[in-house]
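In what follows, a single structure is set out as structure tokens and then discussed.
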Amino acid sequence: MKLSAIPDFYYALFAFYEPALTIIGFIGALYDPETTHNTQAPWPADTSPPAVLPKASVVTVIQLAHVCALMGILNFFVLTAVRKHLSSQPAVQEKIVQALLIPLLLGDVMHIYVTLWALGGDRWDVARWSPMLWATVILGFSLMVPRIMWHLGMWRYVDARDKIPTGAGHTCPGTLAEKN
């Protein structure tokens, strides 16, 4: 069995699934920034979303979507390089992947927290949540939970737990194995 701090499950999730989500979101925001903006949260019953967004709102929506896509693309390149160039060094892989996944996990937690906070009194009125808001929360958890699993050492190499002791399988001069 090949030891890896980023085995296939996590690699597929963070190097392909997450970038795909972020790139699709970016393309959606480029194609229709008004809908992207207007479906982020429920609108008050007596208010309609704007028919035309101010230019500043369009720019902000597209910039935010671009940053999300950039984060996804970074995941792909960093994780691919780690798997390719450090495949024989799972302890180094673990340190680099951890350096990538800690801020992303903090970002996942803050993204969900800030989203719920920004909804104010409507945060628990889930019957009024838009499909976009549901997608934000569910997809956020679909990335956060596996990141937590990775940090807990589930289904991956953990150097402190799994490293092969130095000299394992070797005999020292004067041992019983050498005399036989």
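- Judged purely by distance below 3.5 Å, without hydrogens or angles, the side chains of Tyr10 and Ser4 never pair a donor atom with an acceptor atom.
- By the 4.5 Å heavy-atom criterion applied to side chains, Glu18 and Leu13 are not counted as neighbours.
- The aromatic rings of Trp129 and Trp134 sit tilted relative to each other, their planes meeting at an angle between 30° and 60°.
- Between the CD1 atom of Ile6 and the CZ atom of Arg156 there is a distance of 9.0 Å, given to the nearest 0.5 Å.
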Can you list, pair by pair, the side-chain donor-acceptor contacts under 3.5 Å of residues 66-74, counting residues two or more places apart and other chains?
none

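- Judged by distance alone, the side chain of Arg123 and the main-chain N or O of Leu116 form a donor-acceptor pair under 3.5 Å.
- The two residues Pro146 and Phe141 come nearest to each other via the heavy atoms CD-O, 4.0 Å.
- There is no side-chain donor-acceptor pair under 3.5 Å between Tyr31 and Thr36.
- Between Asp8 and Arg83 a salt bridge is recorded (basic side-chain N to carboxylate O distance below 4.0 Å).
- The distance from atom CD1 of Ile148 to atom CG of Asp108, rounded to the nearest 0.5 Å, is 8.0 Å.
- Lys163 and Glu94 are not joined by a salt bridge, as no carboxylate oxygen comes within less than 4.0 angstrom of a charged side-chain nitrogen.
- Two rings, from Phe14 and Phe76, have their centers 6.0 Å or more apart.
- Of all non-hydrogen atoms in Arg128 and Pro42, the two that sit nearest each other are O-CB, 3.3 Å.
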